[in-house]
Student: 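The structure is given below, and queries will be raised subsequently.
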Amino acid sequence: MASIRRTLSPANHDRLQYQNGSALSPSSTSKLLSNSRFSSSAPFSSAAFFVGLRRLFSGAALSQKYGRRVPQSWRRSLYRCLLFCFVGFLLGMMPFGQVHDIRTHDFSFEIKSSAVHLQEEESGKIDRPENHVDVEVSTVSLVEMRMKDRFDYEPRKLLIVVTPTYNRALQAYYLNRLGQALKLVNPPLLWIVVEMNAQSAETAEILRNMGVTYRHLVSSKNLTNIKDRGVHQRNAALQHIELHKLDGIVYFADDDNVYTLELFERMRAISRFGTWPVAMLAQSKSRTILEGPVCNGSQVVGWHTNEKSKRLRRFHVDMSGFAFNSTILWDSKRWKRPFVDPIRQLDTVKEGFQETTFIEQLVEDESQMESFPGRFQRIMNWHLHLGAEDAEYPRGWLLQNKLDPVLPLS
């Protein structure tokens with residue numbers, strides 16, 4: 001039987017490497033490669049990873065160049081590379097060293113005052129855990145108290161202050177004075193200002209620059225058929241509150257009255273209807289009249305009145321001497337109202353009786369009223385009836401004429 005022996009091709013001769021000037025035989029080459037192979041017990045390093053990558057790409061290149069002559073070399077390199085990557089991933093996931101976890105129970109923060117801290121030290125009842133952090137707090141200073149009052153987020157009842165106004169000489173003075181007072185009241189507060197027929201540019205400018213949350217409304221009524229413009233202006237505000245279902249305490253504050261800040265803060269405690277005495281100047285401005293409830297604690301037991309013409313009224317209260325819950329206007333089921341007609345002030349009654357006829361729609365008798373108890377039974381707003389009836393209203397509150405000097409210097 002004949003045998004055929006293949007000689008070494010020139011391509012395989014070209015692949016022989018030279019070391020120190022002498023040619024390497026195939027046996028020495030295979031021995032060198034066998035010695036340079038990495039076993040699974042050898043330590044993993046980044047150099048081995050790059051060697052595996054180089055062999056992978058070189059094996060792929062040789063397979064494309066020589067076809068079937070080196071069919072297994074690139075696969076072997078690929079398997080080694082995948083093995084090294086897997087071993088490196090496992091080594092990366094294993095922790096090298098001890099890592100102490102910091103948990104919430106390792107630290108104990110406790111805030112105590114100086115007095116409590118000294119008392120515990122004297123009694124010897126101090127049991128502190130490891131890593132205990134003791135924070136001492138001294139007496140609250142005046143600055144901290146002021147900051148606490150400034151950033152007080154305690155929920156408060158909404159105050160809805162209704163003010164009817166009209167163009168006159170002292171309108172700007174009255175609106176600015178009332179607006180500055182409302183600006184000092186703690187929020188939330190809504191100021192509803194109502195004018196007749198149209199919004200004046202002067203009033204709108206004052207409201208924009210005041211810094212108080214407001215709504216500027218208009219009562220569209222024919223002035224020739226109106227006895228008291230304030231009645232229709234307040235009714236426009238009541239309609240707005242009922243339409244939008246505003247939840248708060250409604251208070252009618254005329255712009256020419258004087259109010260204390262304490263009055264607005266005490267209104268927030270009203271549950272249904274609250275009333276208090278009001279000091280007024282008589283029309284003759286020669287005497288002072290006190291009008292309002294006589295109370296035993298917070299219970300109304302009688303009324304102050306000095307005008308004989310008003311003794312026929314059921315309730316002797318000034319328009320700025322009461323406030324009520326706005327839900328009475330639009331939630332009849334809650335207050336068990338026997339009728340569903342809208343609550344409005346009446347323009348058909350005699351002057352001075354608008355207050356009592358309106359209050360009769362809100363409460364049945366004095367048992368449903370409340371007042372400010374104790375030391376708060378004092379005058380907190382004044383109805384002075386001070387106005388410049390003969391003064392001319394300057395449009396825009398700017399005097400265009402009569403600016404010539406009466407006593408010229410020359």
Side-chain angles (χ1 to χ4, degrees), residues 159-172 174-175 178-179 182 190-204 206-207 212 214-246 248-257 259 273 275 278 280 283 291 310 313-315 317-330 332 337 339-363 381 383 385-387 389 393 395:
L159 291 182
I160 307 173
V161 181
V162 178
T163 301
T165 186
Y166 61 96
N167 294 336
R168 60 194 188 279
L170 298 180
Q171 182 188 15
Y174 289 145
L175 286 178
L178 178 58
L182 297 179
L190 176 62
W191 190 17
I192 300 179
V193 180
V194 189
E195 290 189 286
M196 292 299 299
N197 296 329
Q199 296 180 354
S200 64
E202 296 83 2
T203 303
I206 289 179
L207 296 178
V212 179
Y214 73 93
R215 295 185 183 181
H216 195 182
L217 306 181
V218 173
S219 175
S220 56
K221 292 290 184 179
N222 190 359
L223 291 176
T224 58
N225 300 328
I226 292 179
K227 294 181 180 179
D228 187 356
R229 68 167 66 90
V231 171
H232 296 278
Q233 289 174 301
R234 297 185 191 97
N235 286 339
L238 294 175
Q239 183 180 2
H240 180 82
I241 295 171
E242 181 180 358
L243 177 64
H244 295 278
K245 290 182 170 53
L246 301 180
I249 303 299
V250 181
Y251 178 57
F252 299 123
D254 293 340
D255 56 2
D256 57 347
N257 291 358
Y259 309 92
F273 183 92
T275 181
V278 179
M280 300 183 296
Q283 294 293 339
E291 191 171 61
K310 295 183 179 180
R313 297 186 301 175
R314 175 66 180 85
F315 303 111
V317 184
D318 185 72
M319 190 64 71
S320 61
F322 68 91
F324 61 95
N325 197 313
S326 64
T327 57
I328 301 178
L329 300 175
W330 49 268
S332 58
R337 289 172 49 199
F339 50 88
V340 293
D341 296 334
I343 299 176
R344 300 291 185 268
Q345 294 187 8
L346 303 178
D347 188 29
T348 57
V349 298
K350 187 179 178 180
E351 184 181 358
F353 285 80
Q354 288 92 352
E355 296 89 347
T356 182
T357 55
F358 179 72
I359 295 174
E360 289 173 4
Q361 303 176 60
L362 301 174
V363 296
N381 68 309
H383 193 179
H385 296 287
L386 297 178
E389 301 295 340
Y393 165 67
R395 186 170 185 80

Student: Evaluate the side-chain proximity of L175 to T203: yes if any heavy-atom separation is below 4.5 Å, no if none is.
Tutor: yes

Student: Is the F322 ring parallel, tilted or perpendicular to the F252 ring (thresholds 30°, 60°)?
Tutor: perpendicular

Student: Locate the shortest heavy-atom distance separating I328 from R337; write the atom from each residue and the value.
Tutor: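 Closest pair (atom of I328, atom of R337, distance): O-NH1, 2.9 Å.
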
Student: Between the side chain of T357 and the main-chain N/O of Q354, is any donor-acceptor distance below 3.5 Å?
Tutor: yes

Student: Is there a side-chain contact between L207 and W191 in this structure, where contact means two heavy atoms from C-beta onward sitting under 4.5 Å apart?
Tutor: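 The answer is yes; the side chains approach within 4.5 Å.
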
Student: Under 4.5 Å between any side-chain heavy atoms of I359 and F273, yes or no?
Tutor: yes

Student: Mind listing the closest non-hydrogen atom pair of N197 and S220 along with its distance?
Tutor: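 Smallest heavy-atom distance, with atoms named: OD1-CA, 4.2 Å.
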
Student: Against F358, only a single residue in V349, L346, L238 fulfils side-chain contact (heavy atoms from CB on, under 4.5 Å); can you say which?
Tutor: L238

Student: Can we say D347 and R229 salt-bridge, meaning some charged N sits less than 4.0 Å from an Asp/Glu carboxylate O?
Tutor: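 Looking at R229 together with D347, the answer is no, because their closest N to O distance does not fall below 4.0 Å.
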
Student: Please step through side chain to side chain donor-acceptor pair (under 3.5 Å) for the pair E291 and H383, ending with a clear verdict.
Tutor: CA-CA 10 Å; E291 191 171 61; H383 193 179; over 6 Å; no

Student: Apply ring pair (Phe, Tyr, Trp, His ring centres under 6.0 Å) to H240 and list each qualifying residue two or more places apart in sequence or on a separate chain.
Tutor: H244

Student: Check N381 against Y259 and note the closest heavy-atom contact, atom names and distance.
Tutor: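 Closest approach of N381 to Y259: CB-CD2, 3.7 Å.
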
Student: Compute whether any side-chain donor of one residue and acceptor of the other, for E195 and S219, lie under 3.5 angstrom apart.
Tutor: no

Student: Using atom types as modelled and distance alone, determine if a side-chain donor or acceptor of Q345 lies under 3.5 Å from a backbone N or O of R234.
Tutor: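 It does not hold such a pair.
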
Student: Distance-only, no hydrogens or angles: does the D254 side chain make a donor-acceptor pair with backbone N or O of D256 under 3.5 Å?
Tutor: no

Student: To check you understand the geometry: which heavy-atom pair defines the closest contact between V218 and M196, and what is its length?
Tutor: CG1-C, 4.2 Å

Student: Mind checking whether L329 and P342 have side chains closer than 4.5 Å, heavy atoms only?
Tutor: no

Student: Checking I241 against I192 for the side chain to side chain contact (heavy atoms under 4.5 Å, CB included) test, could you report, in this order, the C-alpha distance in whole Å, the side-chain angles of both residues, the deciding distance, and whether it holds?
Tutor: CA-CA 10 Å; I241 295 171; I192 300 179; 4.1 Å; yes

Student: Any side-chain heavy atom of T165 within less than 4.5 Å of one from V194?
Tutor: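 No. Closest side-chain heavy atoms not under 4.5 Å.
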
Student: What verdict does the side chain to side chain contact (heavy atoms under 4.5 Å, CB included) test give for I160 and I249, after you've listed the backbone C-alpha separation in whole Å, the side-chain angles of each residue and the deciding distance to 0.1 Å?
Tutor: CA-CA 6 Å; I160 307 173; I249 303 299; over 6 Å; no

Student: Walk me through it: do E360 and R313 pass the test salt bridge (Lys or Arg N to Asp or Glu O under 4.0 Å)?
Tutor: CA-CA 11 Å; E360 289 173 4; R313 297 186 301 175; over 6 Å; no

Student: Can you find a pair of side-chain heavy atoms, one from T275 and one from F315, that are under 4.5 Å apart?
Tutor: no

Student: Taking all atoms of both residues into account, what is the closest heavy-atom pair of W330 and L246, and its distance?
Tutor: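 Answer, listing the atom of W330 first, then L246: NE1-O, 3.2 Å.
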
Student: When you compare the side chain of H216 with that of Y214, does any pair of heavy atoms fall below 4.5 Å?
Tutor: yes

Student: Looking at OG of S200 and CD1 of I206, how far apart are the two atoms once the value is rounded to the nearest 0.5 Å?
Tutor: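 Reported value, rounded in 0.5 Å steps: 8.0 Å.
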
Student: Can you name the nearest heavy-atom pair linking S326 to V250, along with the distance?
Tutor: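 Heavy atoms only, the tightest pair is CB-CG2, 3.5 Å.
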
Student: Check whether any side-chain heavy atom of L178 lies under 4.5 Å from a side-chain heavy atom of T163, and answer yes or no.
Tutor: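 Yes, at least one pair of side-chain atoms sits under 4.5 Å.
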
Student: Which residues satisfy the salt bridge (charged side-chain N to carboxylate O under 4.0 Å, His left out) test with D255, sequence neighbours excluded?
Tutor: R168

Student: So, using salt bridge (charged side-chain N to carboxylate O under 4.0 Å, His left out) as the criterion, who are the partners of R215 when residues are at least two apart?
Tutor: none

Student: Give a yes or no on this: more than 12 heavy atoms of other residues, nucleotides or ligands lie within 6.0 Å of atom CD of Q239.
Tutor: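 Open.
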
